[in-house]
Amino acid sequence: MFQGLSPAYWFTLHGLISALAVLTYVIASHVMHQRRHPTAAIAWVLFILLMPYVALPAFLLFGSRKRARDRAFPFPSVSLASAGASWPVQTIVALGQPEPASYCDFALHTDGKHALAALWDALDGAQHTIDLCTFILGRDDVGEAVIARLCAKAKSGVKVRLLLDGLGSLMAGRPRMRELTDCGGDFQLFVPPLHSPLKGRTNLRDHRKILVIDAAHDNRRLWCGGRNLASEYFEGGAEAPAWRDLSFDLSGPLVLQAHALFEHDWAFARGRRYTALPSPATWLPAADGPSAQLIASGPDQVDDTVYSVLVTAAYRAQTRIALVTPYFVPDSALLAALCLAARRGVVVDLLLPAKSNHRMSDVARNRALRSLANAGAHIWLAPDMVHAKLAVIDDVLALAGSANLDSRSLFLNYELMFAFHNAPDISRFRDWFDAERESAAIYVADQPGLLRDVAEGAVLWMGFQL
């Protein structure tokens, strides 16, 4: 019945569909309060204009960046950091994150064996509750051992809750959860793939790693960092060494901030609203002890919190910035801040794996690495896979947790970092960085040819999905 219709008709129809698709994008972004980076916004508009029949469904499935709701992690408000505090504390509190809280018994895991021993100690020592959130739980020796310990604790009467990202559970092979639930444990997937595509949440991933033990008791403990619970993050195998990663454990009131975040994520995964909050007094730091702050980042936060702290840190740094990340695909503002820091004499050290486990990210990082090197930064390429996430700024701030220095972590994923303000512990993080750097080779920038330059640009266009 479409015979005889002129090309002008089809051209007009295509233009109308494209216009409606762009209008849908604009309205949806406004209604859902989606504040996108200009690069991402331009990429979506061009995609919709060129291929509206593909781009509009893709946007409705994967385009959500922020969840339309109130400020999602409402920490108690106590006006401690507003006057006389350091710039990191003031910045983090201004972004809606909690005030500093005290901690003790801090242990930095220098390698996978140390980290695994600390993980087993934490799980074995649980007496009342175990709250565990991870992106990947491997179907391997480590993953099976985690499940076995959780089952044993559940059988003994400990309340066990396991929160696993929906996509992460597919990437490593979905672990067998029937055994855990049969033993009395509770298991929940965070946004299962294609579970609610019309809500725009399909592309959102919970990349946080949290283990909270006995949160409501004096022996509370936190195990946290960048490690997923799979063999490559701890032990490696016959064909490849363990990945170089970073994690830590501690106790004290700071643990309650991680527990509040877990409760919040658990409630969201179950389709409920989290309202319970601990007493504001539990957030206050000890007068003479070390303190730190949790920084939650992702769709549940009004601001891009970790990103904002990193940009601020690059401009406030006086002597040195030390960064570790497996994937380095920064946006233009963060890259410019780091380049300017290097040009004004700040020592900027960036440690990366020579080859990561994501080839596309290795291609996408080249333009940023050339810019940094030309600005005078020192870029170090480690021979093995580095999966750690760390930023050390002068002697005033160390950020450690789950966020990579790429657009997906900084603008899309649910992430978690801890900001440490205690000088001795900041020094421990810096010493770890320097030890890891010893085996790395210096990066030398080279001028790409035309084809390589075009390929890098094409990959960067997809940077938010890497």
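The figures that follow rest on heavy atoms only: side chains count, while hydrogens, waters and symmetry mates do not.
- Thr181 places a side-chain N or O within donor-acceptor distance of the main-chain N or O of Arg178, the cut-off being under 3.5 Å.
- In this structure, Gln293 contributes its side chain and Glu99 its backbone to no donor-acceptor pair below 3.5 Å.
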Evaluate the side chain to side chain donor-acceptor pair (under 3.5 Å) criterion for residues His421 and Ser291: first the C-alpha distance (whole Å), next the side-chain angles of each, then the deciding distance (0.1 Å), finally the verdict.
CA-CA 6 Å; His421 309 299; Ser291 65; 5.5 Å; no

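- Taken from CD in Glu415 to CG in Leu410, the straight-line distance is 8.0 Å, to the nearest 0.5 Å.
- Arg408 and Asn413 share a donor-acceptor pair across their side chains, judged by distance under 3.5 Å alone.
- Between Val386 and Pro353, the shortest heavy-atom distance links the atoms N-CB, 3.6 Å.
- Neither side chain, Arg208 nor Ser402, offers a donor N or O lying under 3.5 Å from an acceptor on the other.
- For Asp186 and Arg270, the salt-bridge test passes: some basic side-chain N is under 4.0 Å from an acidic carboxylate O.
- A donor and an acceptor atom, one from each side chain of Gln301 and Gln97, are located under 3.5 Å apart.
- The residues Glu232 and Arg227 are annotated as not salt-bridged, no charged nitrogen and carboxylate oxygen being separated by less than 4.0 angstrom.
- Here the closest non-hydrogen pair linking Gly143 and Leu137 is CA-CD1, 3.9 Å.
- Taking the six-membered ring wherever Trp is involved, the centroid distance between the rings of His358 and Tyr327 falls below 6.0 Å.
- When all heavy atoms of Phe234 and Leu119 are compared, the closest pair comes out as CZ-CD2, 4.3 Å.
- Tyr414 has its ring centre no less than 6.0 Å from the ring centre of Phe135.
- A salt bridge links Arg320 and Asp349; the closest N-O separation between the charged side-chain nitrogens and carboxylate oxygens is under 4.0 Å.
- Here the two rings, on Phe328 and Tyr443, have centers that are 6.0 Å apart or farther.
- By the neighbour-count criterion of 12 heavy atoms within 6.0 Å, atom CG of Asn374 is densely surrounded, having more than that number from other residues, nucleotides or ligands.
- For Asp105 and Ser251, the side-chain atoms include at least one donor-acceptor pair closer than 3.5 Å.
- Donor-acceptor pairing under 3.5 Å is lacking for the side chains of Asp303 and Ser308.
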Go through it in stages, so that I can follow the logic: the residues are Tyr233 and His387, the test is ring pair (Phe, Tyr, Trp, His ring centres under 6.0 Å), and I'd like the CA-CA distance, side-chain angles, deciding distance and then a yes or no.
CA-CA 8 Å; Tyr233 299 90; His387 192 257; 4.9 Å; yes

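- Classification of Asp214 and Arg221 as a salt-bridged pair fails, no side-chain N sitting under 4.0 Å from a carboxylate O.
- There is no side-chain donor-acceptor pair under 3.5 Å between His207 and Asp165.
- Side-chain polar atoms of Asp249 and His109 form a donor-acceptor pair below 3.5 angstrom.
- The closest donor-acceptor contact from the side chain of Lys389 to the backbone of Gly225 lies at 3.5 Å or more, if one exists at all.
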